[in-house]
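To start, the structure under review is shown below, and the notes come after it.
This chain uses plain numbering: 1 for the first residue, then up along the sequence.
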Amino acid sequence: MRVIGIEGTAWNLSIAIVDEKDVIAEAEAVYIPKHGGIHPREAAQHHAAEIKNVLTKVLSAAAERGVTPHDIDGVAFSQGPGMGPCLRVVATAARTLSLKLKVPLVGVNHCVAHVEVGRWRCGAEDPVTLYVSGANSQVLAYRGGRYRILGETLDIGIGNALDKFARFLGLSHPGGPKIEELARRGREYVPLPYVVKGMDFSFSGLETAAEKAVNDGRSVEDVCFSFQETAFAMLTEVTERAVAHCEKDEVLLAGGVGANGRLQEMLRTMCEERGAKFYVPEARFLKDNGAMIAYLGLLMLKSGVRTPIDASAVKPNFRPEEVEVTWR
Ligand code: AMP
Ligand code: MG
């Protein structure tokens, strides 16, 4: 089976064709805000302007590998969660493509796609997943036929907090990699609010306190270092508790912030101490990508799931628990 998948929940418009074994073709167009953070309407306009181009690229890359549009058995799209205007561009294109190719349509949950692509690429069986991106920060595990959120952010995603702090420092979007670079040169820990409530965490107060520390004269490098140490320790603590409670022995990292070397190091240490296996997919499968949407679509279609056009409306607040896992 071959499935084409369209991702475009936020900054990355990405389309890929996959089969059970591998990614056949992939193309993307990245929206970079001129100033400030991601603007939903501007991002949607970017996606609308680029989608024909990205689709043409992916189809010609597939053709080079002997795969034509007639060989495509289904169309998958990220139905949510994400920015409404962006999701609508993606859904419209997916419906059109499904009608044109006369193949079934399937709407997939973006968070579940992050988990499944990680399991696929790393060979993890039943991990606790830490999914950390711009908008989302969640700890997920499979229980009772669904992916349950065991812990999540009470306010903004960790990526958003990093991007916001970077903006305050005058750095351009995305800020995460720039903060990571600065943090390497930090020496002294500046106390910042460590907020874990039960299994949930919060980053908004931490970000405000980091701005205040810089205004109070602490070095930017020290504050970046302390920001990472505090936020990543919170995420590692909750992930560890999830592993213990669920009696799992695998941890999977997902989402763009997963590219961070210090976060990986903390999680790896925690896993070593517990005798758990730690999995990190290649960077191109960590960040938002079309392949994960195509792959989850393939799993869902194979298990008999279809999304009729009249049920294909976008779901900006789509939660992973809403999806019945029919493919495991
Ligand atoms: P995603 O939405 O999953 O594609 O992830 C995007 C987020 O990942 C943005 O907030 C980036 O700032 C963040 N990010 C990317 N690379 C890194 C890194 N090396 N360290 C921390 N955050 C990162
Ligand atoms: Mg994501």
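Linking ILVMFWY side-chain heavy atoms closer than 4.5 Å, directly or via other members, places Ile309 and Val103 in a single hydrophobic cluster. Val108 and Val314 fall into different hydrophobic clusters, defined by Ile, Leu, Val, Met, Phe, Trp and Tyr side-chain heavy atoms under 4.5 Å apart, directly or through other members. Both Phe227 and Val257 sit in one connected hydrophobic cluster of ILVMFWY residues. Membership requires side-chain heavy atoms under 4.5 Å apart, directly or through other members. Put simply, Val90 and Leu59 are part of the same group of oily side chains (I, L, V, M, F, W, Y) that touch within less than 4.5 Å, one to the next. A chain of hydrophobic side-chain contacts below 4.5 Å, direct or via other Ile, Leu, Val, Met, Phe, Trp or Tyr residues, connects Val23 to Leu301.
Note that CZ of Arg184 is 10.0 Å distant from CG of Leu182, once rounded to the nearest 0.5 Å. To the nearest 0.5 Å, the span separating CE on Met266 from CG on Leu235 amounts to 9.0 Å. With rounding to the nearest 0.5 angstrom, the CD1 atom of Ile51 is 10.5 Å from the NE2 atom of His46. Going from atom CG of Leu130 over to atom CZ of Phe278 covers 8.5 Å, rounded to the nearest 0.5 Å. Taking CZ from Arg241 and CE from Met270, the interatomic distance works out to 11.5 Å, rounded to the nearest 0.5 Å. Leu97 contributes atom CG, which lies 12.5 Å from atom CZ of Arg95 (distance to the nearest 0.5 angstrom).
Under the 4.5 Å side-chain criterion, counting only non-hydrogen atoms from C-beta, Phe232 is in contact with Ile158. Trp327 has its side chain out of reach of Lys302: every pair of non-hydrogen atoms, C-beta onward, lies at least 4.5 Å apart. Looking at Met234 and Glu237, their side chains never come closer than 4.5 Å, going by heavy atoms from C-beta outward. Residues His245 and Leu150 form no side-chain contact, since every pair of their non-hydrogen atoms from C-beta on lies 4.5 Å or further apart. Residues Ile24 and Val3 have side chains not in contact (no heavy-atom distance under 4.5 Å, counting atoms from C-beta outward). Side-chain contact check for Cys246 versus Arg143: some heavy-atom pair is nearer than 4.5 Å. Between Val139 and Ile149, the closest side-chain pair of non-hydrogen atoms is not below 4.5 Å. At least one side-chain heavy atom of Val117 sits under 4.5 Å from a side-chain heavy atom of Arg121.
If you check the side chains of Ser137 and Thr153, you find no donor sitting under 3.5 Å from an acceptor. Remark: the Gln228 side chain and the Asn260 side chain contain an N/O donor-acceptor pair separated by less than 3.5 Å. Side chain to side chain, Asp71 and Thr68 meet the donor-acceptor criterion of an N or O pair below 3.5 Å. For the residue pair Tyr31/Glu50, the side-chain donor-acceptor check at 3.5 Å is not satisfied. Under the 3.5 Å distance criterion, with hydrogens and angles disregarded, no donor-acceptor pair is assigned to the side chains of Ser14 and Asn289.
Judged by distance alone, the side chain of Arg146 and the main-chain N or O of Glu321 form a donor-acceptor pair under 3.5 Å. The backbone N or O of Gly145 sits nowhere less than 3.5 Å from a side-chain atom of Glu324 that would complete a donor-acceptor pair. When atom types are taken as modelled, the side chain of Asn12 and the backbone of Asp288 share a donor-acceptor pair closer than 3.5 angstrom.
Arg319 and Glu152 are joined by a salt bridge, as a carboxylate oxygen and a charged side-chain nitrogen come within less than 4.0 angstrom of each other. A salt bridge between Asp249 and Lys277 is absent, with no side-chain N of the basic residue lying under 4.0 Å from a carboxylate O of the acidic one. Using a 4.0 Å cut-off between charged side-chain N and carboxylate O, Asp216 and Lys212 make a salt bridge. With respect to the salt-bridge test (charged N to carboxylate O, under 4.0 angstrom), the residues Asp222 and Arg185 do not qualify. A salt bridge is defined here as a Lys NZ or Arg NE, NH1 or NH2 lying under 4.0 Å from an Asp or Glu carboxylate O, and Arg262 with Glu229 meets this definition. Between Lys57 and Glu26, none of the side-chain N atoms (NZ, or NE/NH1/NH2) sits under 4.0 Å from a carboxylate O, so this pair counts as no salt bridge. For the pair Arg268 and Glu265, the salt-bridge criterion is not met [side-chain N within less than 4.0 Å of a carboxylate O].
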Side chain to side chain contact (heavy atoms under 4.5 Å, CB included) assessment of Leu105 paired with Phe77: CA-CA 8 Å; Leu105 179 70; Phe77 70 102; 3.7 Å; yes

Passes salt bridge (Lys or Arg N to Asp or Glu O under 4.0 Å), Arg274 versus Glu240? Steps please. CA-CA 9 Å; Arg274 301 196 62 88; Glu240 176 167 29; 3.1 Å; yes

Any chance you could lay out the salt bridge (Lys or Arg N to Asp or Glu O under 4.0 Å) test for Glu282 and Arg284, step after step, and finish with the verdict? CA-CA 6 Å; Glu282 282 168 68; Arg284 70 181 176 117; 3.4 Å; yes

Step by step, would you call Lys178 with Ser172 a side chain to side chain contact (heavy atoms under 4.5 Å, CB included)? CA-CA 9 Å; Lys178 290 154 199 151; Ser172 62; 3.0 Å; yes

Which is it for His173 and Ile38 under the side chain to side chain contact (heavy atoms under 4.5 Å, CB included) test, yes or no, and what are the steps along the way? CA-CA 9 Å; His173 189 89; Ile38 299 176; 3.9 Å; yes

How far apart are the C-alpha atoms of Asp126 and Arg119, what are their side-chain angles, what is the distance that settles it, and do they pass the salt bridge (Lys or Arg N to Asp or Glu O under 4.0 Å) test? CA-CA 8 Å; Asp126 188 23; Arg119 289 180 64 227; over 6 Å; no

Hey, mind stepping through Leu298 and Val18 against side chain to side chain contact (heavy atoms under 4.5 Å, CB included) and telling me if it holds? CA-CA 8 Å; Leu298 181 146; Val18 308; 4.2 Å; yes

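The nearest pair of heavy atoms linking Ala213 to Val223 is CB-CG2, 3.9 Å. Looking at every heavy atom in both residues, Gly186 comes nearest to Phe225 through CA-CB, 3.8 Å. Among all heavy-atom pairs drawn from Ala254 and Leu286, the shortest one is CA-CD2, 3.8 Å. Contact between Leu169 and Cys224 at its shortest, heavy atoms only, is CD1-SG, 4.0 Å. Here the shortest heavy-atom pairing between Pro281 and Gly118 reads CG-CA, 4.2 Å. Shortest non-hydrogen contact noted between Ser98 and Pro104 is OG-C, 4.1 Å.
Using cut-offs of 30° and 60° on the angle between ring planes, the pair Tyr131 and His110 is tilted.
Among Glu28, His114, Met292, Glu7, the one residue that satisfies the side chain to side chain contact (heavy atoms under 4.5 Å, CB included) test with Lys287 is Glu28.
With sequence neighbours excluded, the residues forming a side-chain contact (heavy atoms from CB on, under 4.5 Å) with Asp73 are Met1, Arg2, listed by chain and number. Residues satisfying the ring pair (Phe, Tyr, Trp, His ring centres under 6.0 Å) test with Phe203, not counting sequence neighbours, are Phe201. Among residues two or more places apart in sequence or in another chain, the ring pair (Phe, Tyr, Trp, His ring centres under 6.0 Å) test is passed with Tyr142 by Tyr147.
Taking the centre of each ring, Tyr295 and Trp120 come in below the 6.0 Å mark.
Under a cut-off of 6.0 angstrom, the local environment of CZ in Arg41 is sparse, with at most 12 non-hydrogen atoms contributed by other residues, nucleotides or ligands. Around CD of Glu125, the count of heavy atoms belonging to other residues, nucleotides or ligands within 6.0 Å does not exceed 12.
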